[in-house]
**Student:** 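Okay, here's the structure, questions in a sec.
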Amino acid sequence: MERIDVAVVGGGPAGTAAAWTAARQGADAVVFEKGVPRADREGPGPDSTDAAGMLDYWVDLMDLPEAIPDEVILRDLDGATFAGPNERMTIRDTGVDASYPEFGFTFHRARFDDWLRGRAESAGAGYRVGTAIKDVAIDPRDGHTLTLRDGHEIEAEYLILADGPQRTITRGVLSEFVAEQRLEDLASNRANHIAYQEYREFPSELFDDNHIKFWWGAMPGHTAYPWVFPNDGTVARVGLTMPIGLDLDDVKNREAYRLLRPDDTTVPSGKEYVQRLLETEYPDYDLEDFPLVEDRGKRGGVESYPISSTRPIDSPVGANVAIVGGAMGATSAFHEGGDHVAVRTGKIAGALAGAGALGAYNREWKRAIGEEVRRNVAMADVVRGFEPDDWDRTFRSIGRMLKDGRYSTYRTPLLGSGGFSVFTRYQRAKLGYRNGGYVQLTESEYAI
């Protein structure tokens, strides 16, 4: 039987960051990635999907050992526009001190994955693509055994699970330590949103090359929104997130959502939503004016993927197992996948496993990204149940506090009663999640 120090299941940002830092500690670390094709990648790789982009302070939060190379970055950004049905606001400052000189940037996700893989391999880690995991036998004392689809077995002292929000392997491993009913909220149809996007060439006069745009209250569902993100040239990604299993019969004030139609009997498909967004936002243009760029994305300029929208979980570190990135729920619909928190959790887990100190992982990931997670979980609670008018009131209030797109404390009195109400609910929600209260499955619940 082949024996290694650290086995990493999943070759996305979290998994490769884990292997990179484990190898830098001198550990024999190997990534196992089943591999899927993409139109813009040579050969199979992780189930990558372009994220919204990277904000300035997220670069610091990743805490990578090396700077992201220029060929990964597609375009620097200087702001983000948030649109409600009738109100819009543009922010040009994240409000967090950061080393990156711009508001943020959009980037090529497949190149990012490939760069991380290259750095991990250069540090001495292995990366085996096309090797799906069939089974994992957990043994904290004598080493975990991974059985591949081809029957090959690998024994590893430490196991890092980075299999994304679908949690194909993670849920099975966790069932060794906790009752199945405690894992129901981690099922993909309950814990995740579905995201869909298309790569389209924009007319040059419509292409905004330095802003990302979001529309809130345009479609029903908790944290459901469409977007446009500029890439290179005049190519933009037009997409959306939406919850799984939403029933239109449960939606109040359906007529208030601009992307719904009176004759809709079910939630529109992602493709239909994108078409309606382009038609309503650019009424003087036809869909043919935004042609698909078919050599981008997973296939034919189109891709869909899950995004974790649940609260994060601790890992059963007493069994020498760590869960990172989307698999642990550190990412969120508000993050558009959250590559920055995926990288950071993987980096922490890999470094600790490489040093033989994985027991500190739950404490260390909270120290590194806890406040970021807490903000997102609290905000998700605040906007739960928001209808289109609520988004308009919120953007109107926040807009009063901005001067040239930047927050000004002197303008706080202009927030208004509605704005203060939202702000107060947010602060209360954050308070409720203090001391790691945002974790939905704690280390103490695992029977090891």
Side-chain angles (χ1 to χ4, degrees), residues 4-38 40-51 54 58-59 61-69 71-73 107-133 146 154 156 158-170 305 308 315 322-328 330-331 337-354 358 361 365 368-369:
I4 59 177
D5 298 323
V6 183
V8 183
V9 179
T16 45
W20 184 1
T21 54
R24 282 166 58 94
Q25 294 282 355
D28 183 10
V30 178
V31 174
F32 298 92
E33 167 57 49
K34 64 179 180 180
V36 297
R38 279 182 65 92
D40 52 7
R41 171 194 284 135
E42 292 185 9
D47 193 8
S48 304
T49 302
D50 268 327
M54 192 70 64
W58 290 359
V59 177
L61 205 59
M62 277 194 298
D63 193 31
L64 285 169
E66 300 177 21
I68 297 173
E71 61 265 22
V72 172
I73 298 173
F107 62 98
H108 193 296
R109 171 61 192 273
R111 292 178 192 166
F112 183 58
D113 286 340
D114 292 345
W115 173 70
L116 284 172
R117 172 181 176 176
R119 302 318 300 146
E121 290 178 324
S122 294
Y127 192 104
R128 303 181 191 178
V129 66
T131 53
I133 303 297
L146 286 71
I154 297 97
Y158 295 100
L159 176 63
I160 297 178
L161 298 171
D163 53 340
Q166 294 292 71
R167 303 176 177 90
T168 307
I169 303 300
T170 293
Y305 51 99
S308 178
S315 294
I323 309 167
V324 297
M328 68 176 287
T331 61
D339 288 322
H340 59 303
V341 291
V343 167
R344 187 63 182 275
T345 55
K347 178 178 180 290
I348 293 168
L352 291 172
L358 194 61
Y361 173 63
W365 77 252
I369 67 165

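These numbers were taken from a predicted model, which means no experiment stands behind them.
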**Student:** Does a side-chain heavy-atom distance below 4.5 Å link Leu64 with Leu116?
**Tutor:** yes
**Student:** Residues two or more places apart in sequence or in another chain: which of them pass side-chain contact (heavy atoms from CB on, under 4.5 Å) with Ser122?
**Tutor:** Arg119
**Student:** Do Tyr361 and Val324 come within less than 4.5 Å of each other through their side chains, counting heavy atoms only?
**Tutor:** yes
**Student:** If you look only at pairs with a residue in residues 9-36, which of them pass as a salt bridge (Lys or Arg N to Asp or Glu O under 4.0 Å), with sequence neighbours excluded?
**Tutor:** none
**Student:** Going by the rule side-chain contact (heavy atoms from CB on, under 4.5 Å), which residues pair with Glu121 if we only count those two or more places apart in sequence or in a different chain?
**Tutor:** Arg117, Tyr127
**Student:** When you measure from the side chain of Thr345 to the backbone of Gly325, do you find a donor-acceptor pair of N or O atoms at a distance under 3.5 Å?
**Tutor:** yes
**Student:** Let me check something: any side-chain donor-acceptor pairs from residues 8-21 under 3.5 Å, sequence neighbours excluded? List them with distances.
**Tutor:**
residue : atom : partner : partner atom : Å
Thr16   : OG1  : Gly12   : O            : 2.7
Thr16   : OG1  : Pro13   : O            : 3.4
Thr21   : OG1  : Ala17   : O            : 3.1
Thr21   : OG1  : Ala18   : O            : 3.2
Thr21   : OG1  : Lys347  : O            : 3.0
Thr21   : OG1  : Ala351  : N            : 3.1

**Student:** Would you indicate whether the side-chain heavy atoms of Asp113 and Arg41 approach each other to under 4.5 Å?
**Tutor:** yes
**Student:** Kindly determine whether Leu159 and Leu146 satisfy side-chain contact (heavy atoms from CB on, under 4.5 Å), including the steps that lead there.
**Tutor:** CA-CA 9 Å; Leu159 176 63; Leu146 286 71; 4.2 Å; yes
**Student:** Under the side-chain contact (heavy atoms from CB on, under 4.5 Å) rule, collect the residues that match up with Pro69, sequence neighbours excluded.
**Tutor:** Glu71, Val72, Trp115
**Student:** More than 12 foreign heavy atoms under 6.0 Å from CD of Glu42: is that the case here?
**Tutor:** no
**Student:** Apply ring-ring contact (aromatic ring centres under 6.0 Å, His included) to Phe32 and list each qualifying residue two or more places apart in sequence or on a separate chain.
**Tutor:** none
**Student:** At what distance, to the nearest 0.5 angstrom, does CD of Gln25 lie from CG of Leu352?
**Tutor:** 8.5 Å
**Student:** Is Arg167 salt-bridged to Asp163, cutoff N-O under 4.0 Å?
**Tutor:** no
